[in-house]
Amino acid sequence: MKRIYLDHSATTPVDPEVAGLMMTYYTEKYGNPSSVHGFGREAKQALEEARKQVAELIGATPQEVVFTSGGTEADNIAILGTVEAKRNKGKHIITSCIEHHAVLETCEYLEKNGFDLTIIPVDEEGIFSVEDVRKAIRPDTILISMMHANNEVGSIQPIAEIGKLAKEHGIVFHVDAVQSFGKIPIQVNEMNIDLLTISSHKIYGPKGVGALYVRKGVRLIPLIHGGGQEKKRRSGTENLPGIIGFGKACELAGQRMAEDAEYLKKLRDKLINGIVERIDYVKINGPLGEKRLPNNVNVSIQFVEGESLLLSLDMLGIAASSGSACTSGSLDPSHVLLAMGLIHEIAHGSLRFSLGRHNTEEEIDYVLEQLPKIVERLRMMSPLYDQVLREQKQAQ
Amino acid sequence: MKRIYLDHSATTPVDPEVAGLMMTYYTEKYGNPSSVHGFGREAKQALEEARKQVAELIGATPQEVVFTSGGTEADNIAILGTVEAKRNKGKHIITSCIEHHAVLETCEYLEKNGFDLTIIPVDEEGIFSVEDVRKAIRPDTILISMMHANNEVGSIQPIAEIGKLAKEHGIVFHVDAVQSFGKIPIQVNEMNIDLLTISSHKIYGPKGVGALYVRKGVRLIPLIHGGGQEKKRRSGTENLPGIIGFGKACELAGQRMAEDAEYLKKLRDKLINGIVERIDYVKINGPLGEKRLPNNVNVSIQFVEGESLLLSLDMLGIAASSGSACTSGSLDPSHVLLAMGLIHEIAHGSLRFSLGRHNTEEEIDYVLEQLPKIVERLRMMSPLYDQVLREQKQAQ
Amino acid sequence: MYTEKVMDHFTNPRNVGEIENADGVGEVGNAKCGDIMRIYLDIEGDTIKDVKFKTFGCGAAVATSSMVTEMVKGKTIDEALVISNAAVAEALGGLPPAKMHCSNLAADALHAAIKDYHDKQQIKE
Amino acid sequence: MYTEKVMDHFTNPRNVGEIENADGVGEVGNAKCGDIMRIYLDIEGDTIKDVKFKTFGCGAAVATSSMVTEMVKGKTIDEALVISNAAVAEALGGLPPAKMHCSNLAADALHAAIKDYHDKQQIKE
Ligand SMILES: Cc1ncc(COP(=O)(O)O)c(C=O)c1O
Ligand SMILES: Cc1ncc(COP(=O)(O)O)c(C=O)c1O
């Protein structure tokens, strides 16, 4: 069976060029960058080369890049490390209601430990307002942590404006850019970002690697203590092959970003328009056009449940994801969709297609051919659809 | 130039079988284990398979294995997670003076934050005494964290006895087994270990992966918050290819352990005996025989400095490591050698050769041929050697 | 995640549909939680002659609904009453732990339908 | 880590050895810190006619010792006195940041040797 992967926001395949490079570092150039000998020195040099590649993509200096085990750890270092360093300055944190769990759970952990949390709402497109953030700022605000683009609905946030605000008030500004990094431009200086979380496995790099950009002068207490690697900011033997893969993936992302974005927007809009044309009672979640990530499609399909949709798609080889509670093991559907004002039953029936570089028009055509049939089948099974059927009958 | 790698305690090459398997997961089976679709399910299955492979090597159940980004993170989770969970029970921690920085720095961070630390000394062989631990136990002791085998001098510790003691007193017992794991047998139940740190890149697996064994029922507050992976004990998208590589490396280690150990002991003793025969004024650090890791050689060479030795060896393609301060960027030489009673100038002149599966007798012969020449050259340059030369002259 | 049997029942659910003027109809769950199951019973004497279901929910919800209809068709009411959610899950070869609780309500829907039948009977009497 | 020039001076150190009955001998560092440098001077008039060194220490310690001996050979004492540790490091194409502080003492050893020479001269006078 042909497999169509439309879940690139969950994770991406590793680019073959990246994987090939990594292999060399697994089996031949396997030195520990801390070692004095030749193996160690070649490792160290490759490590610093990768640091440059990452820094370049966000307009940072290499010294400001701290490698981590992924986006989640970077978010944790940023938030926990800042509040630990600023403990005496205040205990108020601002974040948004559509953050990834890596940010939200961390902030809630802090709230349980005596910190004050203000959670900024979003509008129906999933975008938060600069004005709301301005109003939330208090004299004891020590951190603003807000994402650049949302992982579920692809909404791009007014980060530069919030950066300006944070700077004016001297508040540390952390941005989770895991989903936007490598897809749309990010410039930490222009955007006044102090801490930026990025992750490798969302941009055709390996899993298990990420980085935190730490603006020169911004102090963080480390989360992980030990040998003092990464200038004492993150201890542990460096995941060198992973880091090198990440560096290479950044280089490739920089080269391909514009072209990829244009191509993905075409596919994205084809899929969005096709769904709206072919299926009744659907709602596209998130903004349309330039405020949306080039690769994100999110749609709520009324009267059916997300996991059933996913399973049905999966049986045809189509891999997507859903905001349904059933796919996350939690009781509630996507906190992002709920925050955007969707009611539970609609949120349960949502699908996310996240496109990637290797997807084709034919694949989109196939999805557009199959999805209506799946929806029809599930709706015929759904007690919620009875009402619609009855109305249709009456109208005839 | 032929390169001879004798620094396996720093890191190992990845076994080609392991690396090959990982490649598949980078480029083909790249799903996120949390995803519902086929890509996700095959990832999830592989993840659980790897968990079994790791568990098997330590006599644990798969559910007790939590994957981390490496040994350092596992040490941090074990220590910080335990004290956070036991905060109300007490604030006394017992550790040893020869622990890795991942343990020592973490404990010292806690000491700065109000915890009490007892650091158990070692004897001149680098082994701590069960009696000392017994005496250190207080009613408010919440954690004992002690290593299984030392990374510098290869000394194997009386872990089972300390485990018994910890159990008698109801104290959580954490063991850093990064250096012993895969080299000598470990059984978490027989040894009464509650938390065990292991790392992949020391056993021919990839860097950037490790695990913490967490005995069923032992509570830990997570260090990294987020999506709730690893049964909420360690959030973040799983480093699946890394984990799979680690699993495979564990399987191979299990199969090869006895044979490897026998072979390595032979090489080890050949190197130790060769050095002692060929060079004056040397001291083997750490125990001889069964209390020493099969692959560890550590020797102090008087009147010369470690980094100079390393550089000289490196120019001949021989990769080793040293307890010299100069190789670590710190001011003091190895805290382990100092704890064993070596004076600074002797500790500065120490070399560690850590052997691996692929080393040969010929390689050892080459080292034994070259090392005396290097030492001779450096000693002729050393003001500390003048005294010896003068005495030699007088004796003539 | 799901057993083959679950996937079979999800892909080819048995007895989907409605029974017009059913002798008993039971509905459990709610859309907010993402699971609604409705079961229709056609009863003659003490025997369940026909049974249909409609379900909004995840794979487990659909499969358990389908399974329970297969289990009760042709059975007596008393036999149907002893069928538990656990028994349905077991008949499917088990469910993932996360699903045992939330989507495993098909027996409840069945029992609600039987109760509805009894209620209607009482009114008739 | 080290520049080629450092490695060259480490591998082929210039002027290793002692000068018997040297006019000035200077020693800095101590074994505890892992670095000892001893410099011997042979001085005629105001000129450093010969210079030798012995060093216990890391690569940087050996290379800076070697470098400083090259820099002063044939120079006057006044010229030698203005050579700083930083100048020695620079002549080697730089040192790793971690080494700038701890192992970069060769100029100090040189100055100690010159001081020793002056002290001896005073005694003679
Ligand atoms: C917005 C956002 N932040 C953080 C993360 C976590 O990153 P990682 O998967 O590298 O731990 C993700 C990905 O799941 C994400 O989409
Ligand atoms: C005894 C010991 N503990 C912990 C570590 C840290 O493990 P990792 O390199 O996987 O972070 C090491 C390795 O450097 C070690 O030797």
Side-chain angles (χ1 to χ4, degrees), chain A residues 3 5 7 10-14 16 19 22-23 26-28 30-32 34-40 69-73 75-76 100-102 105-106 109 199 201 206-209 223-228 235-242 307 310-311 313-314 317-322 327, chain B residues 3 5 7 10-14 16 19 22-23 26-28 30-32 34-40 69-73 75-76 100-102 105-106 109 199 201 206-209 223-228 235-242 307 310-311 313-314 317-322 327:
Chain A
R3 301 213 291 180
Y5 189 74
D7 201 10
T11 194
T12 57
V14 173
M22 290 174 68
M23 274 308 268
Y26 279 127
T27 57
E28 289 166 39
Y30 48 81
N32 186 325
S34 302
S35 298
V36 167
H37 48 64
F39 291 87
S69 70
T72 299
E73 188 196 323
D75 279 340
N76 275 260
H100 190 267
H101 288 294
E105 293 279 324
T106 307
Y109 167 78
S199 182
H201 72 104
K207 292 179 181 59
V209 201
L223 190 62
I224 299 181
H225 310 263
S235 288
T237 300
E238 298 89 343
N239 176 0
L240 192 73
E307 197 210 64
L310 283 190
L311 289 176
L313 286 166
D314 185 52
I318 302 168
S321 84
S322 155
T327 64
Chain B
R3 301 213 288 180
Y5 189 73
D7 200 10
T11 195
T12 57
V14 173
M22 290 174 68
M23 276 306 268
Y26 280 127
T27 56
E28 289 166 40
Y30 48 81
N32 185 323
S34 302
S35 298
V36 166
H37 47 64
F39 291 87
S69 70
T72 298
E73 189 196 321
D75 279 341
N76 275 260
H100 189 267
H101 289 294
E105 293 278 326
T106 307
Y109 167 77
S199 184
H201 72 103
K207 293 180 179 62
V209 202
L223 190 63
I224 298 182
H225 309 264
S235 288
T237 300
E238 299 88 344
N239 177 359
L240 191 74
E307 197 209 65
L310 283 191
L311 289 175
L313 286 165
D314 185 51
I318 302 168
S321 85
S322 154
T327 64

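The basis for the numbers below is simple: all heavy atoms, side chains too, and nothing from hydrogens, waters or symmetry mates. Proteins get letters first, then strands, A, B, ... in listed order; numbering begins at 1 in each.
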Query raised in the report: Most heavy-atom pairs under 4.5 angstrom with chain B, which of A/Gly40, A/Gly38, A/Gly317?
Result: A/Gly38
**Report entry** Largest heavy-atom contact set with chain B, pairs under 4.5 Å, which of A/Val209, A/Thr27, A/Leu223
**Finding:** A/Leu223
Query raised in the report: Looking at A/Gly227, A/Gly242, A/Pro206, which has the largest count of heavy-atom pairs under 4.5 Å with chain B?
Result: A/Pro206
Report task. With sequence neighbours excluded, tell me which residues meet side-chain hydrogen bond (donor to acceptor under 3.5 Å, both in side chains) with A/Thr72. Result -> none
Query - Toward chain B, the part of A/Asn32 with a non-hydrogen atom under 4.5 Å - result: both
Query raised in the report: If you tally heavy-atom pairs under 4.5 Å against chain B, which of A/Ala320, A/Ser199, A/Gly228 wins?
Result: A/Ala320
**Report entry** Under 4.5 Å from any heavy atom of chain A - which part of B/Thr12
**Finding:** backbone
Query raised in the report: About how many Å separate OG of A/Ser235 and NE2 of B/His101, when rounded to the nearest 0.5 Å?
Result: 9.5 Å
Query raised in the report: Which answer fits B/Asn76, side chain, backbone, both or neither, if we ask what part of it has an atom under 4.5 Å from a heavy atom of chain A?
Result: side chain
Query raised in the report: Mind checking whether A/Tyr26 and B/Tyr26 have parallel, tilted or perpendicular rings, split at 30° and 60°?
Result: parallel
Query raised in the report: Where does B/Tyr109 contact chain A at under 4.5 Å (heavy atoms): side chain, backbone, both or neither?
Result: side chain
Query raised in the report: Quick one: side chain to side chain contact (heavy atoms under 4.5 Å, CB included) partners of B/Ser321, sequence neighbours excluded?
Result: B/Asp7, B/Arg352
Query raised in the report: Out of A/Pro16, A/Pro241, A/Gly70, A/Ala10, which one racks up the most heavy-atom pairs below 4.5 Å with chain B?
Result: A/Ala10
Report summary line: In terms of heavy-atom pairs under 4.5 Å with chain A, the winner among B/Ser35, B/Gly71, B/Ala19 is B/Ala19
